[in-house]
Amino acid sequence: MKKKDNRSNKYIAYLFRSIASVYLIKNENRFKIIAYQNAADSIEKMTQEIYDIWRDGNLEKVPNIGHNLASYLNEYFKSGKSDHFEQILKRIPQSVFEFMKIPGIGPKKAYKLAKTLNIIEAKDCIEKLKKSALKGIIAKIPEFGQKSQDSILNSINLYKKKSVLINRMPMPYAYDQAQLILNYLKKNKDIKRIDILGSLRRKTETIGDIDISVEIDLKNTKNIIDYFLKYPKKIDIDNSGVKKASIIVFPNIRIDLRVQSKKQYGSMLQYLTGSKLHNIKLREYALKKGYSLSEYSIKNINTKKETFFDNEKNFYNFLNLQYIPPEIREGTNEIELAINNKIPKLIELKDIKGDLHIHSNYDLKPSHDLGRNSYLDIFKKANELNYSYIGFADHNPKITNLKENEIIDILKKRKDYIYKIFDKNKNNKVQRFIGLEVDILNNGNIAIPEKAIDYVDYLIVAIHSLFNMNKKDMTNRILKALNNPKVKILAHPTGRLFGKRDGYDLDFEKIFETCKKQKVALEINSWPERLDLSYDLVRVGIQNSNKFIINTDSHATYHMDYLKYGMYVAKKAFATKNDIINSYNLNDFIKWIRG
DNA sequence: GCCGTTTTCGGCCCGACTGTTTTCAGTCG
């Protein structure tokens, strides 16, 4: 178990960052330090396990991993350790790496504290540091002072609280939090415009902190910052200056605010939206064209002439780039596409014409939970959402409690019932389909008798048990289930739940191939804690010509509004209408579901 | 230590805030 952890992307990234820190402390060449940090960034962002890539002999194809790092990693994966890495890490006390986990303490301060206070071992080092602070020893260390000591104490307390909470929140949760501060800021009449920026604007699946910018007259800066710092939910102020401020709100969410005038607001939007990697690549691209970018302007390096932008579109166009939507600014290949005017028209919420994964309260003695609303309630909601079609996808009847003929009977009665209640709504513009979400059993069979399938229009299959199978067995289990011709959708393909359960490992090359062959759509599940499949895998699927469907997995009608979250995932994956089955008009949709 | 539309050598994104040694290093995004 431990061995496997030491091969994970997360651990390797941590290892590289630790080495970068040692080099920083030892005043090594700063570009060497950056190289290790860049390698860590790359590994952290990858979908595939770096260990698997090594096994396939492709290490040097990973961005920011060159000949040297590849050879060290080769030794590390082969023998379980690397002399090179160990020699470097041995050069400083282990406590340093623990101290650096405390906000505001970086490599140099951590090293200075460890050395001066003679705290060497990792064990209990934070407690020892706290004791030194309480005794007032830290304030007497050169380059530290009373304020540093207070700040360290404060940070230790925050760090301890945070360590028992989830570090990143699901994007929909951050979205709600952001609405609260937005409502507060809107009450200030001197704020002319408010934008949510950063990862929340890019709609990444989990969010670390919330970034906000406001457009104001700069003469009001101090008042606005003060107003922000008085936000009632604030539990701490992280920093505040003349251009930005950061507060911590309950329960430990950091909110950053930037202020800017209209004249430079476009540059600010672009800068604060990120991602960091997108901005670095954009700035490198601009440098080659003779421009230096900042959050204030674009500066001509030769003439020193500055150009200002009040909107982002002009900012990108000035650099001869197509406008790049925030959702895809992740530093993959969006800049290359924008140079060649090749950024596709991405999917929008208004393109969505139906939702095919909705649970009702119709009691078919299901294997898992019922929904809370009736078919008619769901139907009414679909009308409100202007959908053209909709699918009822209750869980299959529980096979351990029921005989085969009982299950067939239940599904027949359900079909009759749905036909009966919708007869009087014949002229309605929403077309309904009868679906069923069926468990994939441990052996890959699906949890419904063959004869019962006649009573549904389509099947959704999903894993709901034995999540800890190994990659090969789990892949085969799912592949087997996909072979039934009535199976049209593979729901929440990895089974992940943010903060609760990592997804199971699958061989997606095989899953994608079989889904394509069987014309099965992979689901993008919009449930806030799932957002499954993840956008990077959806993108791989799209490049492989797979089709996807954005569903809500609703268990109550108000859940049907969550579809936007799945749509964001699709958008981040560069999805167009062509890639998303439930953007098809009714006729094309029927062709697919019957095909 | 990485990387390549000017380059296999010579570059490597840009700026805010804090505390302290009051001019700048350290940290962060």
Side-chain angles (χ1 to χ4, degrees), chain A residues 16-17 19-21 23-25 27-42 59-73 84 88 99-113 138-152 154-155 197-199 208-213 221 225 237-246 254-260 264 267-268 270-299 301 331 335-336 339-340:
Chain A
F16 281 4
R17 287 195 205 289
I19 290 169
S21 303
Y23 281 156
L24 186 74
I25 290 163
N27 291 318
E28 278 274 355
N29 177 309
R30 70 189 180 99
F31 296 110
K32 193 155 129 184
I33 298 164
I34 291 170
Y36 271 90
Q37 285 164 343
N38 288 343
D41 285 345
S42 288
L59 268 188
E60 285 189 52
K61 288 183 189 163
V62 177
N64 297 315
I65 300 222
H67 181 71
N68 286 326
L69 286 181
S71 75
Y72 300 142
L73 276 179
H84 179 74
I88 296 166
F99 290 165
M100 279 191 294
K101 292 174 185 168
I102 298 166
I105 299 188
K108 299 231 171 174
K109 283 189 188 172
Y111 184 66
K112 183 123 198 169
L113 287 168
I138 291 178
K140 297 197 180 81
I141 301 173
E143 292 171 31
F144 288 79
Q146 186 63 42
K147 281 188 174 174
S148 296
Q149 180 172 283
D150 293 348
S151 147
I152 286 171
N154 194 26
S155 292
L197 303 174
S199 54
D209 49 29
I210 295 170
D211 298 300
I212 293 173
S213 71
T221 297
I225 298 266
I237 295 174
D238 191 68
N239 63 59
S240 86
V242 296
K243 303 194 171 188
K244 67 174 192 177
S246 302
R254 183 191 158 101
I255 302 179
D256 294 338
L257 180 82
R258 289 288 295 241
V259 299
Q260 191 48 273
Q264 293 172 295
S267 289
M268 176 62 66
Q270 195 288 320
Y271 157 73
L272 207 59
T273 297
S275 66
K276 184 179 159 192
L277 198 57
H278 172 81
N279 284 354
I280 289 174
K281 288 194 172 185
L282 193 66
R283 286 169 182 191
E284 284 170 353
Y285 161 80
L287 270 184
K288 285 182 192 149
K289 292 186 140 306
Y291 297 106
S292 169
L293 310 185
S294 75
E295 58 257 58
Y296 303 112
S297 67
I298 297 181
K299 192 189 283 178
I301 294 169
I335 293 170
E336 288 88 329
I339 291 170
N340 299 307

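Keep in mind the model is a prediction, meaning the values are calculated, not measured. Numbered from 1 within each chain, the chains take letters A, B, ... in sequence-line order.
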Problem set entry | For A:Lys109, all residues meeting side-chain hydrogen bond (donor to acceptor under 3.5 Å, both in side chains), sequence neighbours excluded | none

Seminar exercise, completed: Applying the 3.5 Å cut-off to both distances, the Watson-Crick or G-U partner of B:dG1 turns out to be B:dC12

Exercise. How would you label the contact of A:Leu69 with the nucleic acid (heavy atoms, under 4.0 Å): base, sugar-phosphate, or nothing?
Worked result: sugar-phosphate

Exercise. What does A:Ile105 touch in the nucleic acid at a heavy-atom separation under 4.0 angstrom: a base, only the sugar-phosphate, or nothing?
Worked result: sugar-phosphate

Exercise. Under 3.5 Å, is there a donor-acceptor pair between the A:Gln37 and A:Asn64 side chains?
Worked result: no

For this session: Could you list the residues that satisfy side-chain hydrogen bond (donor to acceptor under 3.5 Å, both in side chains) with A:Asn154, not counting sequence neighbours?
Result: A:Asp236

Could I get a table of every N or O pair under 3.5 Å where one atom is in the protein and the other is in nucleotides 15-19 of chain B?
| from | atom 1 | to | atom 2 | distance (Å) |
| --- | --- | --- | --- | --- |
| B:dA16 | OP1 | A:Lys243 | NZ | 3.3 |
| B:dA16 | OP1 | A:Tyr296 | OH | 2.7 |
| B:dC17 | OP1 | A:Val242 | N | 3.1 |
| B:dC17 | OP1 | A:Lys243 | N | 2.7 |
| B:dC17 | OP1 | A:Lys244 | N | 2.9 |
| B:dT18 | OP1 | A:Ser240 | N | 2.8 |
| B:dT18 | OP1 | A:Ser240 | O | 2.8 |
| B:dT18 | OP2 | A:Ser240 | O | 3.1 |
| B:dG19 | O3' | A:Ser148 | OG | 3.0 |

Where do N or O atoms of nucleotides 3-7 of chain B meet protein N or O atoms at under 3.5 Å, pair by pair?
| from | atom 1 | to | atom 2 | distance (Å) |
| --- | --- | --- | --- | --- |
| B:dC3 | OP1 | A:Asn64 | N | 2.5 |

Seminar exercise, completed: CG (A:Leu282) and CD1 (A:Ile280) are apart, to the nearest 0.5 Å, by 11.0 Å

For this session: Could you check whether A:Tyr111 gets within reach of a base, just the sugar-phosphate, or nothing at all, counting any heavy atom under 4.0 Å?
Result: nothing

Seminar exercise, completed: Taken in chain and number order and not counting sequence neighbours, the residues that satisfy side-chain hydrogen bond (donor to acceptor under 3.5 Å, both in side chains) with A:Glu284 are none

Exercise. How would you list, by chain and number, every residue that makes a side chain to side chain contact (heavy atoms under 4.5 Å, CB included) with A:Ser297, sequence neighbours excluded?
Worked result: A:Ser294, A:Glu306, A:Phe308

